[in-house]
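Structure first, commentary second.
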Amino acid sequence: MAPEAPPTAGLPLGWRDLLPGGDADLGAALARFLGVPAVQVECSGTAALVVALTALRERAPGRDEVIAPAYTCPLVALAAAHCGLRLRVCDLRPASLDLCPQALAALCGPRTLAVLPTHLAGRVADVAPVRAIAHAAGARVIEDAAQALGAREAGGACIGTTGSDMVFFSLAVGKGLTIYEGGALVVADPELRAACARAARRVAPWRWGWELRRSAELLGYAALYRPAGLPLAYGLPLRRALAQGDRIAAAGDDFDEAIPLHSVGRWRRAVGVRALARLPAWLDEGRARARQRMALLRERVPELQLIEDSAAVPGAQGIWPTLLALLPDAARREAAIAALWGQGLGVSLPFVQALPDYERYARHVARSPGEDWPHARDFAARVLAISNSPWLGDGDFDRLCTALQRAVEPLAS
Ligand SMILES: *Cc1c(COP(=O)(O)O)cnc(C)c1O
């Protein structure tokens, strides 16, 4: 039977999660899980970022730029544009997800409102130099942990809570814990936290239509996010997009410019509270499976460079929705993608290209003459995401290793 592994190890919902009633204080439940005083729940990670930027902008009207990694989710660009802010993108360290401190120092200045170091694919990035550079310029640090709910710094603190100004998480489908679309914002300073709550009441009020739609979508997700449902819900549209040569749709990078902004209803919050009870065990299993599969990959395909938590943060504990691997060069990555994307084995691209290279989002990225992002572009050209879903069986993983071995063989000229 052909498998259809989902691209990430999202936490499946059980029917008991969907029952009416129960504790609906998802913010309090997340605060207990993360070990922080308070968590503000929003309708998406993007909405959490919009709320954060709105509150910051009110206190620093002279600052109108946001700095994000040059390889990140295009929704970050849409959030900045929504807030009327200029987005600058910063290069990465070579073969790494860490922001390059030299490049960041060159971008940071009196116009910088916030810098967004990003923990992509659950990998813990090096934030200490980012904080030093941003804070010296009078800018704030908002950690983008959209893909890293549950990741911990060395010592066990939740990422983003030991020196940065804010951190946000996504509760979207495919990012771990999900209420179909949702977000969580953690703000260190109590006064700024209150300002974010006020901003949210203004920019993201209750809207019946959106809550009904998201509730229906969450039910559909609960029904279809299982091995029997994935060929229809994920595989079919994926293969259709690939057949049309539409990588942006295949990777799920085709975002609507209009950002839905509304509060999250009681039922979806209660679903989140019940599912969250299973998240710690789910993340532990994912970590163990990732370790075992990374060891297998190292043995079978030693040419791959596997992305770990940043070497600059020893002792950090990321989460493992996917494994990220760099192929030796762009041609071999293309060979791997040609052989594996859409084959049901959970291989995909985190994002199709570096943010300034998307035709449809480039206009949201401000750039100065001669500016380049060589390491981010290199990362985008060589990276491959491999699902860490338990529904990708050992036999399938073995087939995947064999296909990767073939892809890294010297190319016939
Ligand atoms: C998904 C994502 C976001 C936005 O989160 P949503 O909940 O989908 O709005 C922001 N940043 C990164 C890195 C993401 O992957």
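Atoms within a ligand are numbered from 1 in the order they appear, just like the ligands themselves. Keep in mind the model is a prediction, meaning the values are calculated, not measured. Hydrogens, waters and symmetry mates play no part in the numbers below; they use all other heavy atoms, side chains included.
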Could you check whether the rings of Tyr71 and Phe351 sit parallel, tilted or perpendicular, using 30° and 60° as the cut-offs?
perpendicular
Just let me know how Ser44 lines up against ligand 1, side chain, backbone, both or neither, with a heavy-atom cut-off below 4.0 Å.
both
Non-hydrogen side-chain atoms of Leu26 and Val264 separated by less than 4.5 Å:
no
Specify the protein heavy atom at minimum distance from atom 11 (N) of ligand 1: its residue, its atom name, and the distance to 0.1 Å.
Asp144 OD2, 2.7 Å
Can you check whether Leu171 has an N/O within less than 3.5 Å of an N/O in ligand 1?
no
Restricting to heavy atoms, the pick from Cys73, Ser170, Pro350 nearest atom 12 (C) of ligand 1 would be Cys73
Ring geometry between Tyr221 and Tyr180 (parallel below 30°, tilted from 30 to 60°, perpendicular above 60°)
perpendicular
Numbered atoms of ligand 1 (with element) below 4.0 Å of Thr72, judged on heavy atoms
13 (C)
Tell me whether Gly182 reaches ligand 1 (any heavy atom closer than 4.0 angstrom to a ligand atom).
yes
For ligand 1, which atoms, with element, lie under 4.0 Å from some heavy atom of Leu120?
13 (C)
Just to be sure I read this right, does ligand 1 sit under 4.0 Å from the backbone of Thr46, its side chain, both, or neither, counting only heavy atoms?
both
Using a 4.0 Å heavy-atom threshold (strictly under), name the region of Val76 that reaches ligand 1: side chain, backbone, both or neither.
side chain
Should the pair Glu217-Arg268 be classified as a salt bridge under the 4.0 Å nitrogen-to-oxygen rule?
no
Check ion pair Arg360-Asp254 (N to O, under 4.0 angstrom)
no
N or O pair under 3.5 Å between Thr118 and ligand 1
no
Does the pair Glu371/Arg88 count as a salt bridge with the N-to-O cut at 4.0 Å?
yes
Can you name the atoms of ligand 1, numbered from 1 with element, that are less than 4.0 Å from a heavy atom of Leu75?
4 (C), 8 (O), 9 (O)
Could you tell me whether Glu308 and Arg291 have a side-chain N and a carboxylate O separated by less than 4.0 Å?
yes
